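This is a predicted model, so every value here is computed, not measured.
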Amino acid sequence: MAKVGQLFFRVQDRGGEAFARYLATALEERGHSVASLGYVNGSGDLGAVSNDWTVLWNGPPTPISVLRASARLFKWLKTERPDAVVSHTQVASLIGLPVALIRRVPVRVCLHHQPHGRDLGWPFYVSDAIWGTLGVYTDIVLVSDLAVDRVSKFPRRYRQRVRLIRNEVPTRSLPTKSEARADLGIADHDPVFCFVGAISQKKGAIVAAQAVLQNPTARLIMVGKPDDEYSAVLELAAAAADRILVLGHVSPDDIPTVFAASDALIFPSVAENRSLAVLEARNGGLQILASDIRGNRDILGEDGRYVALGDQPAWNEAVNELAASCPHRVADSAERENPFSELVDAYEGILAPG
């Protein structure tokens, strides 16, 4: 059995941490030992996903705090002697995996949740290519075909270390529609849409809210952290509190209730890789109205209903059509095949070969 350390840079409650939690639980169920660490905590109190992480430096990232966190990581590696370190963000990989190399950790996995160039500038892009080529990373995990395409011109030695393991999430049992709606104070007969993700412009939160509000019978449940610079959707929701229920950031354990209460996920995000919201909604059997981008099509294929970015009338029409038929889950979650166990097999093959 392998002893594994997971590493993030800035620990927050995001999709990456949620996936890391799923992976850790699955590996521990198979007898492996997993510890989760983060370099810094720059977001105040840790949330439901990340509160079981050990933060190496409890404060914002600065050059001094990063150095001190690296020293604490070195000490942890020396004491615990893990068989593998899985680094879940590009910055953590660039800083933490060289420390793991110095401490002679045999398996050093750089896991990219986003395609190269999505969030960080060219210095990180180049540094990642160098570290991967030189072998600071023994394995590089990319979670989507789009991400693999982005490194097609990287050096051959980098690409030889790349493994495509498409992100998946475990299937979770959902409560009944009546139970879930009773918990949330929603009538059984209302057509209900849910929006799951940061309440921000990038995720298309205002598009979702406007599309649902134009239908006189539909309701919307919004789950996610509001963007401080994006108040329009919150003002809209406050003016229509009887139609829009804003739950904000919730525990992952509450997400099944949200999906069970909903007839469809509305997801107008402008950019995605392997969205956990879409994966969870798909596993729950919901209808999905998704923006017509590659990340969503790679997950849903022919099963999704796609709407063009920026076309508010098209989103309105899609909501009206689904509200009229009021579909609920297309299949019970227990009846759906889920490749999550195959994903765990793939990671187990890296972390505990043979």
Side-chain angles (χ1 to χ4, degrees), residues 12-29 46-52 167-199 203 205 208 212 218-226 244-267 269 272 274-290 296 299-300 303-305 322 326-344:
Q12 302 177 68
D13 275 344
R14 301 165 296 184
E17 284 91 340
F19 171 78
R21 188 189 197 199
Y22 290 141
L23 179 61
T25 299
L27 289 172
E28 287 171 346
E29 289 174 349
L46 297 179
V49 169
S50 51
N51 58 11
D52 54 353
N167 260 10
E168 294 291 343
V169 295
T171 297
R172 298 192 281 177
S173 298
L174 304 185
T176 66
K177 178 178 181 178
S178 296
E179 291 171 340
R181 292 197 174 186
D183 287 344
L184 297 174
I186 298 173
D188 274 349
H189 62 273
D190 292 337
V192 176
F193 294 80
C194 64
F195 170 92
V196 179
I199 301 177
K203 293 292 185 180
V212 171
R219 296 193 62 176
L220 177 64
I221 304 170
M222 304 194 80
V223 174
K225 291 182 178 179
I244 299 180
L245 176 61
V246 180
L247 298 180
H249 184 66
V250 303
S251 165
D253 296 333
D254 294 328
I255 293 295
T257 297
V258 173
F259 284 143
S262 304
D263 297 306
L265 172 73
I266 180 168
F267 198 70
S269 181
E272 292 295 333
R274 291 281 291 185
S275 166
L276 295 197
V278 173
L279 290 168
E280 297 234 36
R282 179 206 63 187
N283 287 359
L286 270 68
Q287 297 279 350
I288 299 176
L289 297 179
N296 292 334
I299 294 174
L300 299 172
D303 295 331
R305 173 162 181 171
L322 281 183
C326 199
H328 194 47
R329 293 186 292 238
V330 298
D332 187 85
S333 59
E335 299 173 355
R336 298 180 63 86
E337 294 184 3
N338 186 347
F340 183 73
S341 62
E342 297 175 9
L343 173 146
V344 181

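- For the atom pair M222 CE and I244 CD1, the distance stands at 6.5 Å (nearest 0.5 Å).
- Atoms CG and CD1, on L276 and I255 in that order, are 10.5 Å from each other to the nearest 0.5 Å.
- With 3.5 Å as the limit, one finds no donor-acceptor pair spanning the side chains of D183 and T257.
- A pairwise comparison of heavy atoms in P256 and S173 identifies CB-O, 4.0 Å as the closest pair.
- Annotation for C194 and V258: closest pair CB-CG1, 4.0 Å, computed over non-hydrogen atoms.
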In sequence, state the C-alpha distance, the side-chain angles, and the governing distance for I186 and R219, and then conclude on side-chain contact (heavy atoms from CB on, under 4.5 Å).
CA-CA 9 Å; I186 298 173; R219 296 193 62 176; 4.0 Å; yes
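- Residues R274 and L279 meet the side-chain proximity criterion, which asks for heavy atoms closer than 4.5 Å.
- To the nearest 0.5 angstrom, S262 atom OG is 8.5 Å from L220 atom CG.
- At least one side-chain heavy atom of L247 sits less than 4.5 Å from a side-chain heavy atom of L184.
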side-chain contact (heavy atoms from CB on, under 4.5 Å) assessment of F267 paired with N296
CA-CA 9 Å; F267 198 70; N296 292 334; 3.8 Å; yes
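- With respect to D263 and R181, a salt bridge is recorded, a charged nitrogen being found less than 4.0 Å from a carboxylate O.
- One distance of note links CG of L286 with CZ of F193; it measures 10.5 Å at 0.5 Å rounding.
- Under the side-chain contact (heavy atoms from CB on, under 4.5 Å) test applied with E168, the options F340, Y22, F19 reduce to a single match, F340.
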So T25 and E29, side-chain contact (heavy atoms from CB on, under 4.5 Å) or not? Walk me through it.
CA-CA 6 Å; T25 299; E29 289 174 349; 3.7 Å; yes
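- The structure places CZ of F259 at 5.5 Å from CD of E280, a figure rounded to the nearest 0.5 Å.
- The main-chain N or O of T176 is found under 3.5 Å from a side-chain atom of E179 such that the two form a donor-acceptor pair.
- The distance from the CG atom of N167 to the CG atom of L343 is 6.5 Å, given to the nearest 0.5 Å.
- Between V223 and I199 the shortest side-chain heavy-atom distance does not fall below 4.5 Å.
- Between F195 and L265 there is no side-chain heavy-atom pair separated by less than 4.5 Å.
- Side-chain contact, S269 with E272: a donor N or O sits under 3.5 Å from an acceptor N or O.
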